[in-house]
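The structure appears below as structure tokens.
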Amino acid sequence: MIQTLSEKHADFFDQVYAVVRLIPFGRATSYGAIASYLGVKRSARMVGWAMHGAAKHAGVPAHRVVNRNGYLTGSIHFESPNQMAELLEGEGVQVVDGRIVDFKKVFWDPFVELAID
DNA sequence: TGGCTGACTTTCG
DNA sequence: ACGAAAGCCAGCC
């Protein structure tokens, strides 16, 4: 739960996992958006680094996390470079040349979707 | 134990 | 407008 993020002093990784898990089907977000949501936008790299552990965390759709341009930069860390793209396409997200088409449309902004008050 | 590296983003020159 | 550098923090030699 998101509310527990601010309540509990969970590890940075756990917070990232929690947010990533909330990404709806057919949507995607960026490392920076998650980092910013967690209040450490400058640590966007850590979000990506956190995904290293996300692979062993079931239920964490790491393929729905891309860089701010919609490029599947993390695809190289999947079982195969095209694994990430195929997963996204399987969710109806069109991917061309390692980049999400109309990323702004499929972009899932935690600040908006989670409606922070 | 200490230092390097990294699935990024932003800002300064 | 483009290129380079910094900042973030935890895991892994």
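Order of the sequence lines sets the chain letters (A, B, ...), proteins ahead of strands, with each chain counted from 1.
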Among all residues two or more places apart in sequence or in another chain, which pass the side-chain hydrogen bond (donor to acceptor under 3.5 Å, both in side chains) test with Asn82(A)?
Ser80(A), Glu86(A)

Is it the case that atom CG in Asn69(A) sees more than 12 heavy atoms from other parts of the structure closer than 6.0 Å?
yes

Quick one: sort the Phe111(A) and Tyr37(A) rings into parallel, tilted or perpendicular, breaks at 30° and 60°.
perpendicular

How does the hydrophobic cluster around Val101(A) look, that is, which other residues are in it when side-chain heavy atoms under 4.5 Å mark a link?
Val96(A)

Watson-Crick or G-U stems of DNA chain C, 3 or more pairs, under 3.5 Å, by first number:
B:2-6 with C:9-13, B:8-13 with C:2-7

Nucleotide by nucleotide, nucleotides 7-13 of chain B touches protein heavy atoms under 4.0 Å in the pattern (B base, S sugar-phosphate only, - none) BBSSS--

Apply the hydrophobic cluster definition, ILVMFWY joined by side-chain contacts under 4.5 Å directly or through others, and give me every member besides Val95(A).
Val66(A), Leu72(A), Phe78(A), Met84(A), Leu87(A), Leu88(A), Val93(A), Ile100(A), Phe103(A), Val106(A), Phe107(A)

Spatial distance of atom OG (Ser30(A)) from atom CH2 (Trp108(A)) [nearest 0.5 Å]
11.0 Å

For DNA chain C, note the earliest and the latest nucleotide, 5' to 3', having some atom under 4.0 Å of a heavy atom belonging to chain A.
dG7(C) to dG11(C)

Does one hydrophobic cluster hold both Phe12(A) and Val65(A), with members joined at side-chain heavy-atom distances below 4.5 Å?
yes

P gap between dT5(B) and dA5(C), integer Å
16 Å

Within this structure, what is the NE2-CE distance for the pair His52(A) and Met46(A), rounded to the nearest 0.5 Å?
10.0 Å

Inter-nucleotide P distance (dC4(B), dA6(C)), Å rounded:
14 Å

At what distance, to the nearest 0.5 angstrom, does CD of Glu91(A) lie from CZ of Arg64(A)?
4.0 Å

Heavy-atom neighbours of Arg99(A) CZ exceed 12 at 6.0 Å:
yes

Comparing nearest nucleotides in DNA chain C, the 5'-proximal residue of the pair Lys56(A), Val40(A) is Val40(A)

